[in-house]
2 protein chains.
Amino acid sequence: MAERDADRSVSQTVRAQLALRDQILSGALRPGERISELQAVETTGVSRTPVRMALVRLEEEGLLEAIPSGGFMVKAFSERDILDSIELRGTLEGLAARFAAERGVSARDLEPLKECLGEIDGLVRQSPISVEAFSAYVALNARFHALLTELSRSPPLIRQIDRVSALPFASPSGFVMAQSALPEAQQILLIAQDHHRIVVDAIENREGGRAEAIMREHARLAVRNLRLALRNRTHLDLLPALALVRTSEV
Amino acid sequence: MAERDADRSVSQTVRAQLALRDQILSGALRPGERISELQAVETTGVSRTPVRMALVRLEEEGLLEAIPSGGFMVKAFSERDILDSIELRGTLEGLAARFAAERGVSARDLEPLKECLGEIDGLVRQSPISVEAFSAYVALNARFHALLTELSRSPPLIRQIDRVSALPFASPSGFVMAQSALPEAQQILLIAQDHHRIVVDAIENREGGRAEAIMREHARLAVRNLRLALRNRTHLDLLPALALVRTSEV
DNA sequence: CAGGCAAACAATGTATACAGTAAGTATCCA
DNA sequence: TGGATACTTACTGTATACATTGTTTGCCTG
């Protein structure tokens, strides 16, 4: 209702999908409750057909769950679900790193990865790290992980990693901002960046096992940090994705 | 057009999805060519709306690809894509086995798995193995893998494994029938069954690393056998899923 | 003869109307 | 007063009509 016909370039379906996803992640739509199509029509400003298409896509994306009697509801996740999803992503990224190492990567293809490494270096070196630097890190980190995934040159694997990362709390940078409030913030980022450096080195030297292991450990670091951030309950407002977590457990 | 109003219990969307999937896997719809919605309406006997829903679902399932200018086309897979998908499934099943082992499984939950083991034993013991026994093996093998996946008790992981296994050529029993024509058939099945036995033993003894490793190797066995079956080009008719493979490469 | 432009056709994306079903509420009976 | 049944309401699933966009074909011009 706010922006009426913003961007006629994107389809109504995509617009509905984005609007509904925002509503889900912001907590406007609560987990477990049925999503009324008519209500969605009102809030998104598009007709029922694209709303329904968007609902189907969001279900496949993992944010919604089909109700047996019809319609969809917002999915509820447990804390365990989130930790498992991160480890799942780490396992898949590990496989991608191994594929890249075993199959070989040209220096040409490794270049953007190293460039990304250098830019992150410039960020994590400053002490203390500013909030702006954290934001920049989030973007660069996402870019690094995307580039690494591409190096596997395996469309099926890339597809799966994209699917897992679509869940906001499982994405590589899902919880980085929450860490910014922790006292160990810089230390964590330094370790993470060391992982980045090692995986590039391993791929360059065609050490598949090492590349795989370090990416798994990299995800375990994210798991550890998330646990840490959840224990210090401060700055949980930096984690909008937590709107999806069953309130009884968080 | 053949079966007019078969099973009013299932929705039109599901009916269209099943019909279209059949057409894709049987090769009636060729990879790369656009799927006409109107044509699909004629062949499936349902209206355009459920056809479109089915198309979206099949795209998410991985069988279709969106055309930038609109509509969908049948996805084409390379031989490498198939092999990667199998290894991907093995990696995920390995993670599931490790989760099961590390988190512990009650004897009560392990029972159906062992029962499944016993039934498969009865099949692979006979020599030579009849075609009927192969069919039975396919069903039991699928059941075993499904039970094993469930043991992880990790909904996100189970979901991902289901997604990968939805691709017919990546499913645990995708190529078993093709192996039935190989002279090494019984030997292969004996080895596979040994893997099954080992993974159950590893889970029972909470040996996470061993459980994970054996499931990965189990998938590598499938990769090996698929390569074998592709080399002996006989009985490729047992692999309907190969309709999706780029003809230039198979 | 070849290339480009325009027009017509076809197919997708979107909206809306209709039917069937599930859920909720109110009333009546025990 | 509680439970069950019937009725009403509202929602989803489906079909179809419409508009916009992309593609193809034919004609014209260079």
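Below, chains carry the letters A, B, ... as their sequence lines are ordered, and counting in each starts from 1.
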**Request:** Hey, could you give me each pair passing salt bridge (Lys or Arg N to Asp or Glu O under 4.0 Å) that has a residue in residues 62-77 of chain B? Not counting sequence neighbours.
**Result:** none
**Asked** What residues, two or more places apart in sequence or in another chain, satisfy salt bridge (charged side-chain N to carboxylate O under 4.0 Å, His left out) together with B:Glu60?
**Response** A:Arg57, A:Arg163
**Message:** The criterion is side-chain contact (heavy atoms from CB on, under 4.5 Å); which residues satisfy it with B:Val46, sequence neighbours excluded?
**Reply:** B:Gln12, B:Ala16, B:Thr44, B:Pro50, B:Val51
**Prompt:** Excluding sequence neighbours, so at least two apart, what forms salt bridge (charged side-chain N to carboxylate O under 4.0 Å, His left out) with B:Arg48?
**Reply:** B:Glu37
**Item:** Residues that B:Asp84 engages under salt bridge (charged side-chain N to carboxylate O under 4.0 Å, His left out), provided they are two or more places apart
**Value:** A:Arg103
Polar atom pairs between nucleotides 10-17 of chain D and protein, under 3.5 Å, N or O only, would you list them?
residue : atom : partner : partner atom : Å
D:dT12  : OP1  : A:Ile35 : O            : 3.1
D:dT12  : OP1  : A:Glu37 : N            : 3.2
D:dT12  : OP2  : A:Glu37 : N            : 3.4
D:dG13  : OP1  : A:Gly71 : N            : 3.4
D:dG13  : OP2  : A:Arg52 : NH1          : 2.9
D:dG13  : OP2  : A:Arg52 : NH2          : 3.1
D:dG13  : N7   : A:Arg48 : NH2          : 2.9
D:dG13  : O6   : A:Arg48 : NH1          : 2.9
D:dT14  : OP1  : B:Gln12 : N            : 2.5
D:dT14  : OP2  : B:Thr13 : OG1          : 2.9
D:dA15  : OP1  : B:Gln12 : NE2          : 3.2
D:dA15  : OP2  : B:Ser47 : N            : 2.9
D:dA15  : N7   : B:Thr49 : OG1          : 2.8
D:dT16  : O4   : B:Thr49 : OG1          : 3.2

**Residues in contact with DNA chain C, drawn from residues 54-64 of chain B - heavy-atom cutoff 4.0 Å** = none
**Prompt:** Could you give all pairs that pass the salt bridge (Lys or Arg N to Asp or Glu O under 4.0 Å) test and reach residues 107-117 of chain A, with sequence neighbours left out?
**Reply:** A:Lys114-A:Glu204
**Message:** For B:Glu87, give me all partners under salt bridge (charged side-chain N to carboxylate O under 4.0 Å, His left out), at least two apart in sequence or on another chain.
**Reply:** A:Arg98, B:Arg220
